[in-house]
**Q** 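Once you've had a glance at the structure underneath, I'll fire off some questions.
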Amino acid sequence: MTYTIERVATLIGAQRLGHAEARISFVLTDSRSLCFPEETLFFALRSNRNDGHQYISELYRRGVRCFVVEEVPTQATNQFGDANFLVVSSTLQALQCLAQRHREAFNIPVVGITGSNGKTMVKEWLYQLLSPQMVITRSPRSYNSQIGVPLSVWLLNSHSQLGVFEAGISQKGEMQALHNIIRPTIAVLTNIGSAHEENFSSAEEKCREKLRLFKGAQVMVYNADDEMVTRLLNETEHKGERLAWSVKNHDAAMRITKIDKQPTHTTIHYIYKGGEPNCFSLPFIDDASVCNSIICATVGLHLGLDASTLNLRMSKLEPVAMRLEVKEGLNGCTLINDSYNSDINSLNIALDFMNRRPDHNGQKRTLVLSDILQSGLPDKELYQEVSNLAEQRGVQKFIGIGPKICANKACIALPERYFFNSVADFIRSDVFKTLHNEVVLLKGARSFGFDQLTEQMVKKVHETTLEVNLNAMVNNLNYYRSLMHPNTKLVCMIKADGYGAGAVEIAKTLQDHRADYLAVAVADEGATLRRNGITSNIMVMNPEMTAFKTIFDYDLEPEVYSFRLLEALIKAAEKEGITGFPVHIKLDTGMHRLGFDPDKDMPRLIERLHNQNALIPKSVFSHFAGADADEFDAFSQSQFERFDAGSKMLQAAFEHHILRHIDNSAGIEHFPQRQLDMCRLGLGLYGINPRNNAIINNVSTLRTTILQMREVKAGDTVGYSRRGTIEHNSVIAAIPIGYADGLNRKLGNRNGYCLVNNQPAQYVGNICMDVAMIDVTGIDCHEGDSVEIFGDNLPVTELSNVLQTIPYEVLTGISNRVNRVYFQD
Ligand SMILES: *Cc1c(COP(=O)(O)O)cnc(C)c1O
């Protein structure tokens, strides 16, 4: 479906400047995701950190001609001659308004899903259950915000027979806008948990806000056993039919009579609207899956699924993989594995992700794609669109797998392309064997067995992996940005290989999110980043005398903390004929580690800098010794005063602006008034608040698996030196992680524990170099089960507390042989 620009202007009530005709098929809010410029309408959104108006020139250069703005760029008439500007008072409201008008054109059932957890699972399972019989348009991934919802609803098109959209809110007042855009005919509340409580005064207030989605819906699906939900719903005027589910209440429309959990599946017995007793089984046993399946069953039955089809499809439900994983592959390949349901919208998002990652040692971009099932489009149209997308997103090599894609190979217009009927055929081929130095995006419908493919392509080093959640890191970044003045710049510290999380992938993500500076410890770390395509400014905190050449060659910006280092740098730069090379001057204001003394050294430092032109001071900074604890507030104050005086002397001696910075993670929070021109964010980025050791958003999870289990009798011992005496008959499991991986030996002998199926299991006996033994007595577990050493469910700070150290040490101690796997939702 396309709209003329004139029609859009009318729909959103904008004043239009420009006369060029245009047809709009795509809306864009993030300039980095541009794909089809001629048909794109860009909404210049403003947040307190960023302003979409800044990107108009760049987008114009790349071919975009239609813009929704709050202010017309001043050069509009001459520089953007053939552009259309639609002027509105709020671009966000205009985006929402356009989606709302678009939604009004559809007279089809629309499911709106809200709740604290499970929204995406319910959405995806409804898709799995219903897509064999109707064309469904749904939110891609978890696009459920004030921006994500309009972008999702915009995807409704003439083929759509059912819409399924998520609505997520984080504060009061947000649901009204989402409701107006989705206008659900079937409204679903999954549950009310404690997540995102911070902006609500109570769970009730949050629940009331969520229930606003129910307004005007014909059908309301919720859990009648949640007393609060039922009570608050009764207080509303919502008149829709109540399709509540309940285990306790015999009058509920969806009465659950029995939930029977078996080792690998659950059978749910139900009576729907007083009809015959029935049941369905699903291949999951956890409580969340059970509740979500009941919700899906209720919606499915309402939409006309019969009980036996429901049961058949429930038994084949697949887990919802939300994550897009980046792993190191064989032969210099990087694998991006996206096992999220294969459809054109999620393909677009995954391609955008691949395209936005900077070039990695000149790796070629390869797409391995299976048939796309149940798209609702005719095959020809579908695969032509796939081809267009792949080409626009910089794919150089296309590998199609499946009968449909083979039959439509003519639609794929990329120069280098290969087609196979099955994954097995592909694995046997030379195309597979010669994959080399490529970024490979694997995107396959689950039934094509892409797991086999990943299995064969991943570099297997060790069963122990550190999972790094890039979304969580971005959320932490934004959390700290929200504490800062919008114009304050940010240095992201990725020294020590990104506090153990792996500097390269972290840097790619931070660059994408426009961090002003990255800071590494030594020059080689900076060179590695440059070789992996990082173009951001990079600061080197400890520029070794032997590494100046690397610093110049790779445009790294050294910290200068002493006259000896300054002289050596000037000499080296002059020898290379370099002028105006940026450096960062460090002052020692009380930490007494590195730095010039602001009381004594300033005149000599200024004079030396004036008498040369090889280097130029770009910033001046110092470091707090105790920003994390109130007891040092007076000392921090004196540090700040010394820094203020010293840095002002330096600035006074130069005409150009020299950036001043002193706040670290703790300082950003504790001394917001001292943020000056720039702040340096370290531990907070990795999800730990250094002031109270609380987890902000957990980034890293260290996992391993159970290798072997055995029963050990009372009186026996476990491990070296017979330290682990067993008092009662026990079950002991061995896990492949030891002190050589960074699992501190002091955690042994029951000083620390890990989690097995979310239950604590103590380390028994001495921890060995590569293996540790844990007590799993009474825990329901098997060989091959996953073990969490620290992470989402066991804060790393618990380990650092036991070890009487700081979380920094535990994180940076994880050795290189532990695989890092990166993912994002
Ligand atoms: C490591 C470091 C930081 C970051 O400190 P956090 O406590 O991790 O925020 C800031 N500045 C300097 C000079 C550092 O060495």
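Both ligands and their constituent atoms are indexed starting at 1 by order of listing. Throughout, numbering of the chain's residues begins at 1 and tracks the sequence.
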**Q** Using a 3.5 Å cut-off on N or O atoms only, is Leu683 in polar contact with ligand 1?
**A** yes
**Q** Under 6.0 Å between ring centres, would you say that holds for His584 and Tyr517?
**A**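 Between Tyr517 and His584, which both carry aromatic rings, the centre distance is below 6.0 Å.
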**Q** Quick test: of every protein heavy atom, which one is nearest to atom 14 (C) of ligand 1, and how far off is it to 0.1 Å?
**A**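 So the nearest neighbour among protein heavy atoms is Lys495 NZ, 2.8 Å.
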**Q** Among Gln511, Gln363, Glu505, find the residue that satisfies the side chain to side chain donor-acceptor pair (under 3.5 Å) test when tested with Arg357.
**A**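 With Arg357 as partner, side chain to side chain donor-acceptor pair (under 3.5 Å) holds for just one option, Glu505.
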**Q** Is the distance between the ring centroids of Phe671 and Phe624 less than 6.0 Å?
**A**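 Between Phe671 and Phe624, the centre distance is under 6.0 Å.
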**Q** Cation-pi check for Phe563 against Arg604: NZ or CZ below 6.0 Å from the six-membered ring centre and within 45 degrees of the axis, yes or no?
**A** yes
**Q** Under a 4.0 angstrom heavy-atom cut-off, which atoms of ligand 1 come close to Ser665?
**A**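 Per the distance check, 6 (P), 9 (O).
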**Q** Return the residue, atom name and 0.1 Å-rounded distance of the protein heavy atom closest to atom 13 (C) of ligand 1.
**A**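 For atom 13 (C) of ligand 1, the nearest protein heavy atom comes out as Met541 CE, 3.5 Å.
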**Q** Would you mind telling me if ligand 1 is within reach of the side chain of Arg593, the backbone, both or neither, using heavy atoms under 4.0 Å?
**A**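 Side chain only; the backbone of Arg593 stays clear of ligand 1.
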**Q** N/O to N/O below 3.5 Å, does that happen between Leu681 and ligand 1?
**A**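 No.
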**Q** I need the atoms of ligand 1 closer than 4.0 Å to a non-hydrogen atom of Tyr499, numbered in the order shown.
**A** 1 (C), 4 (C), 5 (O), 6 (P), 8 (O)
**Q** Closest non-hydrogen protein atom to atom 7 (O) of ligand 1, residue and atom name please, with distance?
**A** Tyr808 OH, 2.7 Å
**Q** Show me, pair by pair, the donor-acceptor contacts under 3.5 angstrom made by side chains of residues 574-582, not counting sequence neighbours?
**A**
none

**Q** Could you work out, with side chain to side chain contact (heavy atoms under 4.5 Å, CB included) as the rule, every residue matching Gln651, not counting sequence neighbours?
**A**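 With sequence neighbours excluded, Gln651 shows a side chain to side chain contact (heavy atoms under 4.5 Å, CB included) to His657, Ile658, given in chain and number order.
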**Q** Is the shortest N/O to N/O distance between Arg680 and ligand 1 below 3.5 Å?
**A** yes
**Q** Could you give the distance from CG (Asn693) to OG (Ser800), rounded to the nearest 0.5 Å?
**A**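 Between Asn693 CG and Ser800 OG, I get 5.5 Å after rounding to 0.5 Å.
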**Q** Nearest protein heavy-atom contact for atom 12 (C) of ligand 1: which residue, which atom, what distance?
**A**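 In this structure, atom 12 (C) of ligand 1 has His623 CE1, 3.5 Å as its nearest protein heavy atom.
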